[in-house]
Amino acid sequence: MASSGVGGKPSRSAIVADTASGHHFLTIHGYSCTKNLPTGEKISSRPFTVGGHRWRIEYYPNGSSSAVADYVSFSLILDEDVPAGVKAKHCVCLSGEAEKSQAARLTSSSVVTFSSMRSCFYNRYSTFIRREDLQKSKNLQNDSFTVRCDILVVHGYRAQDAAAAAFVSVPPCDLRGDLGKLLEAEKGADVVFEVGGETIAVHRCVLAARSSVFAAELFGPMKEGKAESGIVRVEDMEAEVFKALLRFVYTGLLPEMRKEEEDVTCQHLLVAADRYGMDRLKLICEEKLCEYIDVSTAATILLLAEQHHCEGLKKACFDFLAAPANLRATVATDGLQHLSVSCPSLMVKLMAMSLGH
């Protein structure tokens, strides 16, 4: 949007949208089993966060209505109550499609207002893909397929002087990149942590600013002279876990993890985050671990959630175990024996659930 004065040199201004974007991958395992659901019935994904809001994706294996019964349908759902509508664009594609095509689809999408929990203005992807086309597609492998949902949340708008924008290009802030380089270079480091036989040099002010536990250990009554000497020993933690914790301290980012190791890494990192009072990191690990709850892991993750006061993760475990088949299969695993010894109260609750079924 631009405006100009009457006569003489025109003046210009602009309105710029303040946005945040991200994407979420949803994998449908055992697709052939989901085909038994009647048209109009759905399966909801676990919640995920994009643009500061919590969302879910609803999957209709036989269409969201009788009019689209030959299609696989998807809906994006706002999974929280909000005082004002959340304006967002979104688009869904099969994973592996060209990112440029997906970016173009997102740009051309309409802005939808999500007004309250579990509301969607309309189901744009009611005809996402014909079932027969999906079943012939190379994207369906081992009875599984993955979709990618891109979301762009519009937080608001701000005015900008167009003349300034035409001549001056301001790059985005790269504070996390700069701090990450500071950690890697160890320039100006003033304290050394000894973890698992390795030494890691860091900046005590950065750690203290991000964690009250580090602040007390490095500057407060917990230091007991060891921080002043320049060496702090960390017991009962692997060096790689502590390095991952430090990366989050400096950059707010998790380390790159191989998919097959992500659940175990997040378990260790959650323990470290709880130990050092890193609440946001702890919640991120909780959210990721919710995706790994299955028959083989439910007991272990439930015990972890109980020991470290992770209410959301604990509820996710009980939600999984509320299904009688999941509960029976979990009761038969070795993990339950450890749970019965470490936390009898949880075992009592699980047995009560089992008797209830």
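Heavy atoms only: backbone and side chains are in, while hydrogens, waters and symmetry mates are out.
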Task: Within-4.5 Å side-chain heavy-atom neighbours: Leu254 and Leu281 - done: yes
Task: Over all atoms of both residues, closest heavy-atom pair of Ile151 and Ala88 - done: CG2-CB, 4.3 Å
Task: Any donor-acceptor N/O pair, Arg176 side chain to Leu253 backbone, under 3.5 Å - done: no
Open item on the list: Working to the nearest 0.5 angstrom, can you tell me the gap between Ile301 CD1 and Cys290 SG?
Closed with: 8.0 Å
Task: Working for side-chain contact (heavy atoms from CB on, under 4.5 Å), residues Phe320 and Arg46 - done: CA-CA 11 Å; Phe320 173 81; Arg46 295 194 181 276; 4.1 Å; yes
- [ ] Would you name the heavy atoms of Thr330 and Asn326 that are closest together and state the gap between them?
- [x] OG1-O, 2.7 Å
- [ ] Evaluate side-chain contact (heavy atoms from CB on, under 4.5 Å) for Leu26 paired with Phe74, printing each intermediate quantity in order.
- [x] CA-CA 11 Å; Leu26 173 64; Phe74 289 95; 4.3 Å; yes
TODO: List in chain and number order the residues that pass side chain to side chain donor-acceptor pair (under 3.5 Å) with Lys314, two or more places apart in sequence or in another chain; answer none if no residue qualifies.
DONE: Glu306
- [ ] Determine whether Val271 and Leu304 make a side-chain contact, defined as any pair of heavy atoms from C-beta on separated by less than 4.5 Å.
- [x] yes
Open item on the list: Checking the side chain of Glu58 only, and the main-chain atoms of Ser75 only, is there a donor and an acceptor separated by less than 3.5 Å?
Closed with: no
Open item on the list: According to a hydrophobic-cluster definition based on side-chain heavy atoms being under 4.5 Å apart (Ile, Leu, Val, Met, Phe, Trp, Tyr only), do Met237 and Phe193 belong together?
Closed with: yes
Open item on the list: Is it the case that the side chain of Ser73 and the backbone of Ser64 share a donor-acceptor pair, with hydrogens and angles ignored and the cut-off at 3.5 Å?
Closed with: yes
Task: Same apolar cluster: Val191 and Val213, side chain cutoff 4.5 Å - done: yes
Task: Which residues share a side chain to side chain donor-acceptor pair (under 3.5 Å) with Thr251, sequence neighbours left out - done: none
Open item on the list: Grouping I, L, V, M, F, W and Y whenever their side-chain heavy atoms are under 4.5 Å apart, do Ile129 and Val68 come out in a common cluster?
Closed with: no
- [ ] Could you pull out the closest heavy-atom pair between Cys205 and Phe219, with the gap in Å?
- [x] SG-CZ, 4.2 Å
Open item on the list: Show, in sequence, the C-alpha distance, side-chain angles and deciding distance for Leu78 and Glu80, and conclude whether the side-chain contact (heavy atoms from CB on, under 4.5 Å) test is met.
Closed with: CA-CA 6 Å; Leu78 180 66; Glu80 63 184 25; 3.9 Å; yes
Open item on the list: Are there over 12 heavy-atom neighbours, none belonging to Glu261, within less than 6.0 Å of that residue's CD?
Closed with: yes
Open item on the list: Once rounded to the nearest 0.5 Å, what's the spacing between atom OG1 of Thr34 and atom CG of Asn36?
Closed with: 8.0 Å
TODO: Give the cluster check for Leu313 versus Val264: same hydrophobic cluster or not, with ILVMFWY residues linked at side-chain heavy-atom distances below 4.5 Å.
DONE: no
TODO: State, to 0.1 Å, how close Gly40 and Tyr60 come at their nearest heavy-atom pair, and which atoms those are.
DONE: O-CE2, 3.4 Å
Open item on the list: Assess whether a salt bridge exists between Glu184 and Lys181, defined as any Lys/Arg side-chain N lying under 4.0 Å from an Asp/Glu carboxylate O.
Closed with: no
TODO: Mind telling me whether His24 and Phe48 have parallel, tilted or perpendicular rings, with 30° and 60° as the class edges?
DONE: parallel
Open item on the list: Please check this pair: side chain of Lys35 against backbone of Arg131, looking for a donor-acceptor N/O pair closer than 3.5 Å.
Closed with: no
- [ ] For residues Phe128 and Leu134, determine if any side-chain heavy atom of one lies less than 4.5 Å from a side-chain heavy atom of the other.
- [x] no
Open item on the list: Using the ring centroid of each side chain, check whether Tyr276 and Phe248 are separated by less than 6.0 Å.
Closed with: no
Open item on the list: Would the distance check show the side chain of Thr297 and the main-chain N or O of Tyr292 forming a donor-acceptor pair, the cut-off being under 3.5 Å?
Closed with: yes
Open item on the list: I need the Glu286 CD to His309 NE2 distance, nearest 0.5 Å.
Closed with: 11.5 Å
- [ ] Could you list the residues that satisfy side chain to side chain donor-acceptor pair (under 3.5 Å) with Asp143, not counting sequence neighbours?
- [x] Ser32
TODO: Mind running side-chain contact (heavy atoms from CB on, under 4.5 Å) on Val206 and Phe214 for me, showing each step along the way?
DONE: CA-CA 9 Å; Val206 176; Phe214 276 128; over 6 Å; no
Task: Between CD on residue Glu186 and CD1 on residue Ile200, distance to nearest 0.5 Å - done: 9.0 Å
TODO: Without swapping roles, check the side chain of Trp55 against the backbone of Leu76 for a donor-acceptor pair under 3.5 Å.
DONE: no
Task: Where Leu321 and Leu327 come nearest, the two heavy atoms and their spacing - done: O-CB, 3.3 Å
Task: Test item: Arg54 side-chain N/O and Asp79 main-chain N/O as donor-acceptor pair under 3.5 Å - done: yes
Open item on the list: Please check: side-chain N/O of Arg148 versus main-chain N/O of His23, any donor-acceptor pairing under 3.5 Å?
Closed with: no
- [ ] Report yes or no: does Asn62 contribute a side-chain atom to a donor-acceptor pair with the main-chain N or O of Leu37 at less than 3.5 Å?
- [x] yes
Open item on the list: Would you compute the distance between atom NZ of Lys187 and atom NE2 of His203 and round it to the nearest 0.5 angstrom?
Closed with: 9.5 Å
Task: Heavy-atom closest contact (Lys288 atom, Cys266 atom, distance) - done: CD-SG, 3.8 Å
Task: Any donor-acceptor N or O pair under 3.5 Å, side chains Ser296, Asp294 - done: yes
Open item on the list: How long is the straight-line distance from CG of Asp70 back to CD of Glu132, given to the nearest 0.5 Å?
Closed with: 7.5 Å
Task: Linked, directly or transitively: Leu207 and Leu182 (ILVMFWY side chains, under 4.5 Å) - done: yes
Task: Heavy atoms of other groups near Asn142 CG, more than 12 under 6.0 Å - done: no
TODO: Please answer whether the main-chain N or O of Asp133 pairs with a side-chain N or O of Ser137 as donor and acceptor at a distance below 3.5 Å.
DONE: no
